[in-house]
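Numbering of ligands and ligand atoms starts at 1, following listing order.
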Amino acid sequence: MKHLINFKVNGISHSMEVTSNTTLLALLRDSLKLKGTKKACGTGDCGACTVLVDGKAVNSCIYLALNIDGKEVLTVEGLSKNGKLDFLQEAFIDEGAVQCGYCTPGMLMSAKALLDEHPNPTEEQIRIGLAGNVCRCTGYEQIIQAIKTAAKKRSEYEFQDKES
Ligand code: FES
Ligand code: FES
């Protein structure tokens with residue numbers, strides 16, 4: 001059975017028919033051709049497929065597309081604005097936190113949800129925020145440092161923006 005759902009992805013409105021078992025990951029990658037969101041385990045265990053739904057991080061491989069009806073989805077493609085990278089993307093590059101590339105989009109999206117909720121996170125909050133993102137090639141140190149750097153730069157920018 002098909003269901004008509006209405007939603008936004010990265011600010012763009014869509015109206016689409018999905019089946020009861022279509023995953024959000026399939027909708028993003030196969031229907032909308034947004035290939036930045038990766039499929040790795042496919043069972044909700046690794047975080048590679050993380051996107052935000054109404055600001056909350058979800059594993060899109062086990063999240064039903066039906067559940068985004070009336071909601072807003074943010075994927076890694078939506079992080080940059082007007083050709084300018086997000087603070088997190090810049091910090092991942094500057095701190096050498098971009099690794100295999102399969103996990104990075106999910107890491108960025110989990111970090112985005114974290115910083116939106118905790119603009120100045122403690123190291124423990126960062127580690128908890130990344131707990132669902134599994135990477136086998138790193139000790140996570142550069143990633144944690146990048147999130148700290150992004151938080152600092154973002155709060156400095158927001159402070160300057162208020163002052164001007
Ligand atoms: S691919 Fe979704 S959690 Fe691993
Ligand atoms: S960044 Fe993907 S396995 Fe380490």
Is there a donor in the side chain of Glu124 and an acceptor in the side chain of Thr122, or the other way round, less than 3.5 Å apart?
-> no
Quick one: the SG of Cys49, atom 2 (Fe) of ligand 1, SG of Cys61 angle, rounded to 10°, please.
-> 100°
Partner of Glu90 under salt bridge (charged side-chain N to carboxylate O under 4.0 Å, His left out), chosen from Arg154, Lys152, Lys84, Lys153 =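 Between Glu90 and the candidates, salt bridge (charged side-chain N to carboxylate O under 4.0 Å, His left out) is satisfied uniquely by Lys84.
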Leu108: which of Val98, Leu79, Ile147 passes side-chain contact (heavy atoms from CB on, under 4.5 Å) |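 It is Leu79; the other options fail the test.
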Point-to-point distance, once rounded to the nearest 0.5 Å, from CD1 of Ile128 to CD of Glu123 |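 Rounded to the nearest 0.5 Å, the CD1-CD separation comes out at 11.0 Å.
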Please list, in number order, the atoms of ligand 1 under 4.0 Å from a heavy atom of [X].
{"X": "Gly44", "answer": "3 (S)"}
{"X": "Cys41", "answer": "1 (S), 3 (S), 4 (Fe)"}
{"X": "Asp45", "answer": "3 (S)"}

For ligand 1, note which part of Thr50 has a heavy atom under 4.0 Å away: side chain, backbone, both or neither.
->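 Thr50 to ligand 1: no contact under 4.0 Å from either part.
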At a heavy-atom distance under 4.0 Å, which protein residues reach ligand 2? Sort them by chain and number, would you?
->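 Within 4.0 Å of ligand 2, the protein residues are Gln99, Cys100, Cys103, Cys135, Arg136, Cys137.
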Which donor-acceptor pairs under 3.5 Å do the side chains of residues 57-74 make with protein atoms, sequence neighbours left out?
| residue | atom | partner | partner atom | Å |
| --- | --- | --- | --- | --- |
| Asn59 | ND2 | Gly44 | O | 3.3 |
| Ser60 | OG | Cys49 | O | 2.7 |
| Asp69 | OD1 | Asn6 | N | 2.8 |
| Lys71 | NZ | Asn67 | O | 3.3 |

Is any side-chain heavy atom of Thr37 less than 4.5 Å from a side-chain heavy atom of Pro105?
->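 Not touching, per the 4.5 Å side-chain cut-off.
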